Each structure stands twice: as structure tokens, then as C-alpha cells.
Protein chains: 2
Amino acid sequence: MSENIVGPGARSPHAGGGTLRHHAYESLKGMILSSAFHPGERLSEVRLSQMIGVSRTPLREALMLLEAEGLVIGRPNSGYCVVHFDPEAIRALLVAREGLDGYVAEVACRTATDEDLARVTAVMAEIDELDRRRDGRTLETARELELGLRIHEVIAAATRNPALQDMTRRLYERLRVALWLEVLLLDSWDDAVRQHRAIVEAVVARDVPRAVEAARAHVRDSLSNMAGVERLYRERRQRFKLPLRPPERAKP
Amino acid sequence: MSENIVGPGARSPHAGGGTLRHHAYESLKGMILSSAFHPGERLSEVRLSQMIGVSRTPLREALMLLEAEGLVIGRPNSGYCVVHFDPEAIRALLVAREGLDGYVAEVACRTATDEDLARVTAVMAEIDELDRRRDGRTLETARELELGLRIHEVIAAATRNPALQDMTRRLYERLRVALWLEVLLLDSWDDAVRQHRAIVEAVVARDVPRAVEAARAHVRDSLSNMAGVERLYRERRQRFKLPLRPPERAKP
DNA sequence: GTGTTCATTATTGTATGCAATGATGCATGT
DNA sequence: ACATGCATCATTGCATACAATAATGAACAC
């Protein structure tokens, strides 16, 4: 559950598991990605340090790491807040993702070992398996999201390129909330399965043009879904009476 | 001179100019990018804090930011060291750059405003200007590098996509030392001018396929140069009696 | 009623002290 | 001579205390 995308192989910053900074980092990231805070909510250092049970020093360091990853934003002398669901920013991230995923697929076609492809196939099999069981209408949104990320993770790993893996990992982490909303609010699972299968088949066949196009089409679909996600999200937010961009302070 | 790639518009982490952390961050980054330390050199927190004139706390935070950007690496309870010039890692970064630059060119063709294109043209004019003056064999390596980065910066800005700008900025920062060695050790200026012109013309003409191919070819050229850079670098390092990978400690 | 000013308060930024962990060198035994 | 174990030392990780800055609210003038 605490697995990152592109789990082992792409070290998270100062990966040491024993340190309190690492603990604070993981805890906070988990809270944020599981929507424990309202979007845009202000993050008080003392409150968080008490919640997590560490001093302010490691907590501040964790906050800075998370800012570097784009999950929180902070202005000097003004503290940090959770990123809000900003449709425009999400669209920009998705546009970037279209290029990155396409290129990752392209490189993976060329550099993947047979083991890499086997791993990709294995994850795809898990997706199919979930798809079969799902006919009974069992709600497994969390597992859907997890597998949807995993398939991209193993494809990125198949590039054997740490830089590409890193960029992929960062991008998906920033998109995670939005993707979560997508699978939660929209029922895009069937399409997702089809598209993932198309990507996997093309990569396994080492068919570069087809893989690139499949990967890009997948993201474009996600992009066109975002309009609907935004609408549903706006409704939900209104129900909870959350302001649009809560802490947006005056800018000089 | 303290201008980042993708200067204003892409905030550096916790961009506040007044804080000591920011000062420490900028100072350290400057030192590293100007090769003030040997590659792989160990960075003692107390020594650095005395050099820069701040306490350990903001310095530690600056180090963590730099780690997140890939300029230093740190292992828990063991401190930080400057990244060493690792040809394999550089190649991986350049492979990633090929995809990113190609995609940036593609998006820029579609989304650039006329002002954006004017800025691109302006920087290209500066390059041409430098090229003309340079016939007199005046050595202006620093300016060459600066303009070489700037042209990519303004093209990235022309995408109007913060995510792509951010990824570009990060990638070029990590590559900066390698690119510096490239223009310093090899005399690749003439080729670079030609390639930059090809990219600019294609982007200004909004010719997507040509722009993508030009951008990619430029990076591929850089990639094939790296072999030579590595050889020359190895010689230089040997002259200074620097070990290959200084602080590589045993891994369990 | 609205806008402005100032004092209060809360929160962040920085410095320092202590504890814990890893590195270093020497002595010792084989 | 080489390896092993131990003691010492340096350095990092963390917590806390203090200073500086920004947010908050009340009082006041218009």
C-alpha cells in the first residue's frame, strides 16, 4: 500500500527508511493522496507535526520534498497548502503526459528485455482478471486505480532508463488525485482496459508507431474525460461548501 | 547570471528571494554548476554552512532541494555528495531529452503565440550575432552555453504549458555540467548553430514533423558527442588524479 | 456602514544543543 | 602481513528555543 509508482528502482528522495523525515514524508504523502485534506487546505506545521508525531524539523523537510514533487505549494513566510484541483493545471499535466507516455512506449519497444515484457504481460493479466470478476458489479475502484498506475509503471521500467522512470513517477504522482477522481466519478474502466491492452500488445510486439499512438490515444481519452470530471467535482465541492480556490492570497 | 533556465514563470522551489534557505540554495547550485567541487566530492554540512555564512538548518534544506533536482545525492546518516559525471546516467538523461525536446517542439508549434515566436526568433538572432563575432576566434564558451540553453528555454515557454516547462527546466539543470563539458571540450558550436536554426525555423513555420525531427536530431547529435566528451573528461580527470567514482561506498 | 490603522496573535524562519549513527585508526591475534 | 575487534571521533538527525514576519481583529474616523 505504501508502494510508490515505479516502486523499487526509483529511489524516493533520501530514501532511508529509518529516518523520521522519511516517515513524515510518507505519511503526509499518503494523507494527501488519499484526500485526507481538502484541496487547497492550509497545512500548519505544528498541527501536522503533532498529527504525525515528529518534531517540526523533519516535517518541514518532508513538506519541502513534497513541494518539489508538486503535491503542496508554499510561499515564503506564508506556509504550505495542498494543491487544489485546478482543471487548467491538470490539463497541462495531461498534455505533458501524452508526450511522455508516447515516448516511454517508443523507447520501451526498443530497449525492453523479455523479462520486462513478461512483467508487463503479467500486470495486464491482473487487469483482465479484475475485469472478469468485475462483471458482478463489485466496486473495486482502489484496485482499478492501482492497476492502472502499475501498468504504466512497468512499461516505464521497461525503458531501463532511470530518467524516464523518474519523470513518469513524478508526473503520475501529481496526477494521482485527478486520476482517482476520474475512476471514481466516471466509469471509464471498460475503455481503460481496452486502451491498456492496445498499448501492451503493441509494446510486446515492439511495434513503435502503434505503441506510441496507443499510448497517446489513451491519454487523450483521459484528457477528454477531465471535462466531465471537473463538472462532477464542482458539484461535489459545492455540496461540501468548499470555496473554489481557498487560500489564494493577494499577489503584489 | 543567476537566471535559471525557464527563468520567471517556473518558480524554483519556495522561490522566496529573501530567505536564507533560498540564498543557500542559489549559492550551492551556483558552486556546483560552476564546478567548484570535484565530481563526487563529499559535502560537509558544517563546512558549507561556514562557506556560505548561514546556519545548518537552511543549508540542509537547500541540500534536500538540490537532491530533489538530482544535483547532489545523499544517503541517510551518511551525508551528501556532488553527483559524479556518470556517462551512463548522462546518456539516459539525453535519451529522455530527445523525447521531451521533440514533444516540446511539437506542442510549441501548435500553442505558441506570435509573441512567443518573436521571442524565439530574438534569441536565435543573438545566436547568429555571437556566431558572426566569433569568427575572430574569441572564446566565449560561457555565452555559447547560455544561449544554447536560452533557446530551449524560450521554446519550452512557447508551449504555454507549466508542466512541460518544469520538466524541461529540471532536465537541463541535471544535464548542465555535461553540456558545459560538451561546449568546453568539444568545439561543437557550428553544428549547434545549424541545428538550433533548423529547430527555430520549423517551429516558427509551425511545421510539426520537421520541428520534431530537428529537435530530436539535435539531441541525438549531443548524444553521439558524449562519447568524445567522456574520453576527454577521463583524461582531464586523470591529470588531476581524481578517482573514477570517489565516494561509492559498499552497498549491502 | 465602510475603510483604515494599529496592536495582538499565530505561524514561519533560523540558530543551536544534544543524541545517535557511521567512519577512522590502532591494537591485537592468527 | 592480514584480518578482526574495539575505542575514539566526526558528522548527521532531531528537537527545541528564539526572532521575524504575516494574518487577525478591534478600535476609530469618515
Side-chain angles (χ1 to χ4, degrees), chain A residues 11-28 37-38 40-68 71-82 243 245-252, chain B residues 11-28 37-38 40-68 71-82 243 245-252:
Chain A
R11 51 173 179 61
S12 69
H14 226 174
T19 70
L20 290 190
R21 153 174 55 208
H22 183 73
H23 178 227
Y25 169 82
E26 289 293 341
S27 302
L28 247 178
F37 307 105
H38 297 158
E41 180 173 347
R42 181 113 188 288
L43 296 174
S44 157
E45 295 180 1
V46 288
R47 198 168 56 94
L48 289 180
S49 63
Q50 286 165 354
M51 280 171 94
I52 301 185
V54 300
S55 152
R56 269 183 64 210
T57 308
L59 184 106
R60 278 173 62 83
E61 299 176 339
L63 277 170
M64 296 194 6
L65 264 349
L66 289 172
E67 181 181 27
L71 289 175
V72 303
I73 59 178
R75 281 185 298 290
N77 291 321
S78 170
Y80 295 85
C81 32
V82 181
R245 288 190 173 192
E248 193 81 30
R249 283 155 195 164
K251 285 182 182 179
Chain B
R11 52 176 177 60
S12 67
H14 227 176
T19 69
L20 292 189
R21 153 173 57 208
H22 183 72
H23 178 227
Y25 169 81
E26 289 294 341
S27 303
L28 248 179
F37 307 104
H38 296 158
E41 180 174 345
R42 181 112 188 285
L43 297 175
S44 159
E45 295 180 1
V46 287
R47 197 168 58 93
L48 290 179
S49 63
Q50 285 163 356
M51 281 170 94
I52 300 184
V54 301
S55 150
R56 272 182 62 213
T57 308
L59 185 106
R60 278 172 63 82
E61 299 178 338
L63 278 170
M64 296 196 6
L65 263 348
L66 289 171
E67 182 182 26
L71 289 175
V72 304
I73 59 177
R75 282 186 296 290
N77 290 322
S78 170
Y80 293 85
C81 34
V82 181
R245 290 189 173 193
E248 193 82 31
R249 283 154 192 164
K251 286 182 181 180

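To find a chain, count down the sequence lines: A is the first, B the second, and so on, and within it residues start at 1. Source: prediction; values computed, not measured.
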Closest-nucleotide 5' rank along DNA chain D - winner of Leu43(B) and Thr57(A)
Leu43(B)
Could you check whether the side chain of Arg75(B) and the base of dG22(C) have a donor-acceptor pair of N or O atoms closer than 3.5 Å, going by distance alone?
no
Starting at the 5' end of DNA chain D, which residue's closest nucleotide do you reach first, Ser44(B) or Ser55(A)?
Ser44(B)
What distance separates Glu67(A) CD from Cys81(A) SG, expressed to the nearest 0.5 Å?
9.5 Å
Rounded to the nearest Å, what distance is computed from the CZ atom of residue Arg47(A) to the C1' atom of nucleotide dT12(C)?
15 Å
Figure out the CE/P separation between Met64(A) and dG13(D), and round it to whole Å.
14 Å
Whole-Å distance between dG13(D) P and Leu59(B) CG?
12 Å
Arg21(B) side-chain N/O to dT14(C) phosphate OP1/OP2 under 4.0 Å:
no
Among the nucleotides dT12(D), dT14(C), dC14(D), whichever has the atom closest to the side chain of Arg60(A) is dT14(C)
Do Arg60(A) and Met64(A) come close enough that some side-chain heavy atom pair is under 4.5 Å?
no
Quick one: is Arg56(B) getting a side-chain N or O under 4.0 Å of the dT16(C) phosphate, OP1 or OP2?
no
Taking CG from Asn77(B) and P from dA23(C), how many angstroms apart are they, rounded to a whole number?
9 Å
Nucleotide nearest Arg42(B) when distance is taken to its side chain, options dT12(D), dT11(C), dG13(D):
dT12(D)
How close do Ala24(B) and Leu59(B) get, heavy atom to heavy atom, and via which atoms?
CB-CA, 4.3 Å
Does any part of the side chain of Phe37(B), heavy atoms only, come nearer than 4.5 Å to the side chain of Leu48(B), both counted from C-beta?
yes
Would you find a donor on one side and an acceptor on the other, under 3.5 Å apart, between the side chain of Glu61(B) and the backbone of Arg21(B)?
no
Identify which nucleotide among dG13(D), dA15(D), dA23(C) has an atom closest to any side-chain atom of Glu45(B), counting heavy atoms from C-beta outward.
dG13(D)
Rounded to whole Å, how long is the line connecting atom CD of Glu67(A) with atom P of dG13(C)?
10 Å
In whole Å, what is the span from the CG atom of Leu20(B) to the C1' atom of dC18(D)?
15 Å
Once you round it to whole Å, what is the distance between P of dA15(D) and CD of Gln50(A)?
13 Å
Nearest whole angstrom, please: distance from the P of dA15(D) to the CD of Glu61(A).
10 Å
